[in-house]
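Counting convention: from 1, in listed order, for ligands and their atoms alike. Small disclaimer: the values here were computed from a predicted structure and weren't measured. Note: hydrogens, waters and symmetry copies are ignored here, and every other heavy atom, side chains too, is used.
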Amino acid sequence: MTSTGTLLTARPQPGAFDAVMDIAARPPVVFVAGEGSWLTDSEGRRYLDFIQGWAVNTLGHSPRAILDVLARQAETLINCSPAFYNDQMIRLSDLLARHSGLHQVFLANSGAEANEGAIKLARRWGGKFRDGAYEIITMDHGFHGRTLATMSASFKPQWEQLYEPKVDGFVKVPLNDLSAVEAAVTPRTVAVMLEPIQGEAGVFEATDRFMRDLRMLTRDHDILLILDEIQTGIGRTGRLFGFEHAGTTPDIITLAKGLGGGVPLAALVAHRDVCCFEYGDQGGTFCGNPLMAAVGCAVIEAVTQPGFLARVVQAGEYLAHGLSELSRKHGCGEVRGRGLLRALDLRRDVAPAVADLARERGLLVNAPRADSLRFMPALTVTHEEIDQMLDVLDGVLGDVVRG
Ligand SMILES: Cc1ncc(COP(=O)(O)O)c(C=O)c1O
């Protein structure tokens with residue numbers, strides 16, 4: 001039994017996964033329950049979760065705030081139609097606009113869908129106000145999702161030849177290279193789009209200076225600045241939005257992952273001057289769904305409670321300090337990132353082996369690159385849980401790195 005009283009199923013039989021489309025090398029573990037920083041598998045084994053759905057479960061697994069709002073909202077209204085307003089859609093849009101300093105919000109279901117919306121909005125704006133400009137400058141190693149347009153906006157070497165032909169109109173430049181951005185701007189350029197921290201690439205930050213310079217450059221050229229805050233938004237970096245660190249406001253931000261705290265919810269948030277969709281240009285059956293929007297409100301309310309983000313900053317520093325000590329001990333490299341989005345450079349291509357052995361020992365960490373581990377715990381993670389994680393990782397690094 002889990003602590004919530006759910007009966008666990010037995011060990012999965014051979015062939016038990018056959019009906020699940022085989023799109024990833026999943027380990028033969030079946031998770032059946034979660035609570036806070038912990039997951040439980042079908043054999044009753046517990047795992048300390050420093051992946052949290054890829055930086056999704058802002059308040060941990062099955063937090064009381066989300067359980068309560070889901071039950072209450074499900075009894076009240078699950079769905080009407082995106083062709084009508086609903087109270088939760090209005091509340092969440094209002095919260096996001098107010099906290100971001102932007103003005104209008106389109107709610108969606110996934111990060112890729114929000115980014116696809118941002119690309120469409122920029123192109124619509126370019127079509128109306130910039131002589132049909134449509135090109136978007138994105139960053140080498142950026143990640144924006146898995147629809148055709150967002151894959152085209154992304155840069156993954158293994159995607160180069162996949163699903164050809166790509167969607168046209170994306171020009172890539174190196175991160176933190178302002179002169180490369182400037183050189184790439186042409187009369188066709190409508191926007192620059194980037195992540196404040198490149199998460200999938202292995203946690204590489206756009207510097208605050210680059211963000212500020214980019215804001216000036218985009219203003220000077222009258223083009224839009226779009227920030228993909230799908231991984232960095234909603235407190236992950238210690239501020240509600242990643243862009244706050246640089247003290248600038250973009251024209252468009254996109255949010256997903258942490259916004260829903262575990263349920264599929266995303267948002268496209270834009271300055272009023274950019275909001276130029278006409279009726280029929282944008283939409284989606286589940287967009288603005290009241291059940292999901294109510295959860296988004298609960299997450300924002302929790303993260304904006306006094307002291308919450310200060311605790312994220314403290315936990316992030318505690319995690320970074322612990323990782324630096326492990327790095328020194330095991331001859332690894334730098335600790336990258338901000339808040340509770342961190343990476344450890346292992347200096348050798350052993351990250352998948354480390355993640356595998358860690359899982360066998362009851363710890364979930366992610367290996368976004370062959371040489372780096374990524375840490376994305378719940379924003380509510382305790383110092384004690386960070387210590388437990390470091391303790392397991394210490395043993396695993398000792399066994400794999402020194403091997
Ligand atoms: C920065 C960023 N943008 C977009 C996405 C795509 O989000 P989703 O998987 O919800 O479509 C991700 C997912 O990892 C991401 O990290």
Side-chain angles (χ1 to χ4, degrees), residues 21 23-24 26 50-58 106-122 136-156 158-159 162-163 167 170 172 175 191-206 211 225-237 241-243 245 250 252-269 284 286-287 289 292 295-296 299 336-343 364-369 372 374-377 379:
M21 199 172 283
I23 53 112
R26 296 185 175 104
F50 270 62
I51 297 179
Q52 290 284 354
W54 275 326
V56 164
N57 305 323
T58 308
F106 171 76
L107 296 176
N109 310 284
S110 72
E113 191 185 9
N115 280 340
E116 190 82 28
I119 293 164
K120 288 195 277 185
L121 186 58
I136 300 182
I137 300 172
T138 60
M139 303 294 135
D140 288 350
H141 305 288
F143 183 81
H144 300 294
R146 293 169 182 278
T147 59
L148 271 179
T150 54
M151 284 178 91
S152 306
S154 306
F155 178 106
K156 268 193 181 235
Q158 62 270 40
W159 285 1
L162 195 60
Y163 307 134
V167 174
F170 297 97
K172 314 264 162 50
L175 180 67
V192 178
M193 176 172 176
L194 75 161
E195 302 151 83
I197 300 177
Q198 292 187 334
E200 283 298 296
V203 187
F204 292 95
E205 289 172 56
M211 293 293 253
L225 180 60
I226 305 173
L227 288 191
D228 176 341
E229 293 248 19
I230 279 154
Q231 195 156 145
T232 52
I234 317 299
R236 178 61 46 192
T237 67
F241 303 106
F243 71 76
H245 293 282
I252 298 176
I253 61 171
T254 52
L255 301 163
K257 291 189 181 283
L259 177 60
V263 304
L265 177 65
L268 159 63
V269 188
F286 295 111
C287 296
N289 171 284
M292 300 302 123
V295 174
V299 172
R336 300 187 290 267
R338 250 175 176 156
L340 286 170
L341 177 57
R342 301 278 178 172
L364 301 181
V365 288
N366 167 249
R369 297 163 51 100
S372 298
R374 178 170 44 163
F375 305 84
M376 309 160 272
L379 301 189

Distance flag for atom 7 (O) of ligand 1, protein heavy atom under 4.0 Å: yes
With a cut-off of 4.0 Å, which atoms of ligand 1 are near a heavy atom of [X]?
| X | value |
| --- | --- |
| Lys257 | 12 (C), 13 (C), 14 (O), 15 (C), 16 (O) |
| Asp228 | 1 (C), 2 (C), 3 (N), 4 (C) |
| Ser110 | 10 (O), 11 (O) |
| Glu195 | 1 (C) |
| Gly145 | 4 (C), 6 (C) |
| Gly111 | 7 (O), 8 (P), 10 (O), 11 (O) |

Contact check: Ala112 vs ligand 1, nitrogen or oxygen atoms, below 3.5 angstrom: yes
Short N or O distance, Glu113 and ligand 1, threshold 3.5 Å exclusive: no
Return yes if some donor-acceptor pair links the side-chain N/O of [X] with the main-chain N/O of [Y] below 3.5 Å, else return no.
| X | Y | value |
| --- | --- | --- |
| Gln231 | Ile197 | no |
| Arg336 | Val203 | yes |
| Glu113 | Thr147 | no |

Passing option when Ile234 is tested against Leu255, Val56, Leu379 for side chain to side chain contact (heavy atoms under 4.5 Å, CB included): Leu255
Option from Val192, Thr254, Ile253, Ile252 for which side chain to side chain contact (heavy atoms under 4.5 Å, CB included) with Leu227 holds: Ile253
May I ask you to identify, for [X], whether its side chain, its backbone, both or neither come under 4.0 Å of ligand 1 on a heavy-atom basis?
| X | answer |
| --- | --- |
| Arg146 | neither |
| Asn115 | side chain |
| Phe143 | both |

Identity and distance of the protein heavy atom lying nearest atom 16 (O) of ligand 1: Gln231 NE2, 2.8 Å
Distance-only side-chain donor-acceptor flag, His144 / Thr138, under 3.5 Å: no
Close side-chain approach of Leu340 and Arg236, heavy atoms under 4.5 Å: yes
Residue from Arg374, Arg369, His141 passing side-chain hydrogen bond (donor to acceptor under 3.5 Å, both in side chains) with Glu200: Arg374
Validation: residues 257-269 side-chain donor-acceptor distances under 3.5 Å, sequence neighbours left out:
from   : atom 1 : to    : atom 2 : distance (Å)
Lys257 : NZ     : Trp54 : O      : 3.2

